[in-house]
Amino acid sequence: MAGVLHLLLLWLLVRVSEPRDYVGSGLDFGASIERILPSVSHRANGSIFYGIMFDAGSTGTRVHIYTFMQKESNRLPILDNEMFQSVKPGLSAYADTPEKAGDTVKQLLDVAKSTVPRVEWKRTPVMLKATAGLRMLPPSKAHALLQEVQDVFEDSPFYVPADSVSIMDGTSEGVLAWVSVNFLTGQLYPNTRKSVGILDLGGGSTQVTFLPKKTTKRFPPDYTASFSMFNTTYKLYTHSYSGNGIKAAQLAAIGALDSKAPKGKVFQSACLPKNYKGKISFGGLIYKVSGKPGGSTGYKSCYREMLKVVKGFIQEPDDMEDSWIYAFSYYFDHAVEAGLVDEARGGAVQVRDFRGRAKEVCNKMSMYNPDYPFLCMDLTYITCLLKSGYGFEEETVLKLTKKLHNVEASWALGATLSYFEHFSIV
């Protein structure tokens, strides 16, 4: 465990300098920790410092509070602990009432205050990165939300870097998650090309990132990102599909995504039980939805509906089949709902397992679980995305997880660590 965490902190060598360029700076973190954080607390067992990262997603806001330890000045620090908390809905739900977004952030800042010792507050950086939820909003509304967060941060007792609040592009989201997962699984070592690929399924967007085995393969420029680590340059295949997250896909399949939720309009879906009436909340809007009382239902009808969201929008990636693939976020959540994996342990499934459970749920919708009325739609979309989008075979294995070594599987840790290269806290 200590070896994995020690290796993970080598990510401090990576600097995110451009949206699609990740270039190592050669920073000797162990030697420069006193310069970067000159006021770190000294304890008998080493120096302790903290970082706070907010993940403002489309369906919720999460805070990650990391505790780092520097035992020796000439050694890299280790990740000692992570405190995680989340709330719903996402900030984009408050597009017309940004002050409510501020209240959400204040609530999570209280968690940070109770985690970080008071004496460390003024030298602990606090940051927020927004993803697809805010990327899909009109710029003026997104700016108003970010400004509200900035004001809340400024009123907090924590250190607020100049670029602490921003919207993160999809490429950075995918790459940072890939680096974090590969470090946490111990798959990335100097002078090796062994790694795992990742699939991330959010509410508004979905990402695929992996290291191609065929280094001579040419990909479109907007499907690649490069960074240097261990004196090696890695060129990743990575792409973020905006509008293909699970919540956006639900709406897109029934023609509601760009409709601005007209009053009184009810959108029907073959993926819902015939007599079902409910709603989908996304991006601050509420859409009324129902089944099709006189129409066809079942897996085949639902698949045709979801295929409209995938076909022509998702590109089949090359060279990924030979890698271990880790899938998280809504892949994991819906697999838990479907009973495919245990919530505490996660597990490995094949693509055929998603398809099989989708058929079972969709073809018996009259017996649906009232806690999960959208399970047919969600499992079918995941199956459609994996098979008709990414082109995975039935036997392709996905490792589904929420945490790795008790650390949330997401881009947040990588983003936090990268910031320490830029700090000059006095």
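Worth knowing before you read on, the calculation uses all heavy atoms, side chains too, and leaves out hydrogens, waters and symmetry mates.
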- [ ] Give the minimum heavy-atom separation between C271 and E305, together with the two atoms involved.
- [x] SG-OE2, 3.6 Å
Open item on the list: Using side-chain heavy atoms (C-beta onward) and a distance below 4.5 Å, is Q268 in contact with P293?
Closed with: yes
Task: Atom of C376, atom of C302 and distance for their closest heavy-atom approach - done: SG-SG, 3.9 Å
Open item on the list: Is it the case that the side chains of D200 and S329 hold a donor-acceptor pair, with the cut-off being a distance below 3.5 Å and no angle test?
Closed with: yes
Task: For the student: nearest non-hydrogen atoms of V266 and S290, plus distance - done: CG1-OG, 3.6 Å
TODO: List in chain and number order the residues that pass ring-ring contact (aromatic ring centres under 6.0 Å, His included) with F267, two or more places apart in sequence or in another chain; answer none if no residue qualifies.
DONE: none
Open item on the list: As an exercise, state the distance from CG of L404 to NZ of K399, rounded to the nearest 0.5 Å.
Closed with: 9.0 Å
Task: Sidechain-backbone polar pair: K308 side chain, A253 backbone, donor-acceptor under 3.5 Å - done: yes
TODO: Assert yes or no for the condition that the ring centre distance of Y381 to Y303 is strictly below 6.0 Å.
DONE: no
TODO: Run the numbers on F54 and F153 for side chain to side chain contact (heavy atoms under 4.5 Å, CB included), then give the verdict.
DONE: CA-CA 11 Å; F54 281 79; F153 279 3; 3.7 Å; yes
- [ ] State whether the side chain of W178 and the backbone N or O of V196 hold a donor-acceptor pair below 3.5 Å, judged by distance alone.
- [x] yes
Open item on the list: Treating S180 as the side-chain partner and A177 as the backbone partner, does any N or O pair qualify as donor plus acceptor under 3.5 Å?
Closed with: no
- [ ] Decide whether D378 and Q250 meet the rule of one side-chain donor and one side-chain acceptor closer than 3.5 Å.
- [x] yes
Distance-only donor-acceptor hits, side chain of residues 339-366, under 3.5 Å, sequence neighbours excluded:
| from | atom 1 | to | atom 2 | distance (Å) |
| --- | --- | --- | --- | --- |
| D342 | OD2 | A344 | N | 2.9 |
| D342 | OD2 | R345 | N | 3.0 |
| Q350 | OE1 | R352 | NE | 3.1 |
| Q350 | NE2 | E395 | O | 3.4 |
| D353 | OD2 | Q350 | N | 2.7 |
| R355 | NE | E394 | OE1 | 2.9 |
| R355 | NE | E394 | OE2 | 3.0 |
| R355 | NH2 | E394 | OE1 | 2.5 |
| R357 | NH1 | A338 | O | 2.2 |
| N363 | OD1 | Y299 | N | 3.0 |
| N363 | ND2 | K359 | O | 3.2 |

- [ ] Hey, could you give me the CG/OH distance between L272 and Y368, rounded to the nearest 0.5 Å?
- [x] 9.0 Å
- [ ] May I ask you to check whether over 12 heavy atoms, not counting those of K403, lie within 6.0 Å of atom NZ?
- [x] yes
- [ ] Work out which heavy atom in G389 is nearest to a heavy atom in V310; give both atom names and the distance.
- [x] CA-CG1, 3.4 Å
Open item on the list: With side chain to side chain contact (heavy atoms under 4.5 Å, CB included) as the criterion, how do H64 and L413 come out once you've worked through the C-alpha distance, each side chain's angles and the decisive distance to 0.1 Å?
Closed with: CA-CA 8 Å; H64 305 256; L413 179 59; over 6 Å; no
Task: Donor-acceptor contact below 3.5 Å, side chain T383 vs main chain L379 - done: yes
TODO: Please name all residues satisfying ring-ring contact (aromatic ring centres under 6.0 Å, His included) with Y241, sequence neighbours left out, ordered by chain then number.
DONE: H239
Task: Derivation of the side chain to side chain contact (heavy atoms under 4.5 Å, CB included) call for S269 and K292 - done: CA-CA 6 Å; S269 172; K292 293 182 175 180; 5.7 Å; no
- [ ] Indicate yes or no for a side-chain donor-acceptor contact from E82 to the backbone of E408 under 3.5 Å, with no hydrogens or angles considered.
- [x] yes
Task: S410 side chain to A412 backbone, donor-acceptor under 3.5 Å - done: yes
Open item on the list: For a 4.5 angstrom cut-off between non-hydrogen side-chain atoms, does L128 reach L91?
Closed with: yes
Open item on the list: If you define the side chain from C-beta out and look only at heavy atoms, does anything of Y50 sit under 4.5 Å from P125?
Closed with: no
- [ ] I would like to know whether L137 and L145 meet side chain to side chain contact (heavy atoms under 4.5 Å, CB included); could you show each step before the answer?
- [x] CA-CA 10 Å; L137 285 180; L145 288 168; 3.6 Å; yes
Task: Side-chain donor-acceptor contact under 3.5 Å, S296 with S301 - done: yes
TODO: Give a yes or no on whether the backbone of M168 and the side-chain of S172 come within a donor-acceptor separation of less than 3.5 Å.
DONE: no
Open item on the list: A side-chain contact here means heavy atoms from C-beta on lying under 4.5 Å apart; do F328 and K402 qualify?
Closed with: no
Open item on the list: Donor-acceptor pair, distance only, cut-off 3.5 Å: does the side chain of S114 make one with the backbone of V111?
Closed with: yes
- [ ] Report yes or no: do Q107 and D103 form a side-chain donor-acceptor pair below 3.5 Å?
- [x] no
Task: Nearest non-hydrogen partners of G57 and R62, listed with the distance - done: CA-NH1, 3.7 Å
TODO: Kindly indicate whether the side chain of I198, heavy atoms from C-beta on, has any atom under 4.5 Å from the side chain of F210.
DONE: no
Open item on the list: To the nearest 0.5 Å, what is the distance between OG1 on T115 and CE on M83?
Closed with: 4.5 Å
- [ ] Flag the pair R135 and E173 as a salt bridge only when some basic side-chain nitrogen lies within less than 4.0 angstrom of an acidic carboxylate oxygen.
- [x] yes
Open item on the list: Given 3.5 Å as the limit, does a donor-acceptor pair link the side chain of D55 with the main chain of A130, or not?
Closed with: no
Open item on the list: Is it the case that the side chain of S58 and the backbone of G204 share a donor-acceptor pair, with hydrogens and angles ignored and the cut-off at 3.5 Å?
Closed with: yes
Task: CG-NZ distance between D96 and K141, expressed to the nearest 0.5 angstrom - done: 3.5 Å
Open item on the list: Quick check for you: to the nearest 0.5 Å, what is the distance between K100 atom NZ and K106 atom NZ?
Closed with: 14.0 Å
Task: Note, I314 side chain near Y390 side chain (heavy atom, < 4.5 Å) - done: yes
Task: Side chain proximity check, K129 to I167, heavy atoms < 4.5 angstrom - done: no
Open item on the list: Around atom CG of N275, are there more than 12 heavy atoms from other residues, nucleotides or ligands closer than 6.0 Å?
Closed with: no
Open item on the list: Any non-hydrogen side-chain atom of W411 less than 4.5 Å from a side-chain atom of V175?
Closed with: no
Task: F374 to V289 - nearest heavy-atom pair and separation - done: CZ-CG2, 4.0 Å
Task: SG-CZ distance between C384 and R304, expressed to the nearest 0.5 angstrom - done: 12.0 Å
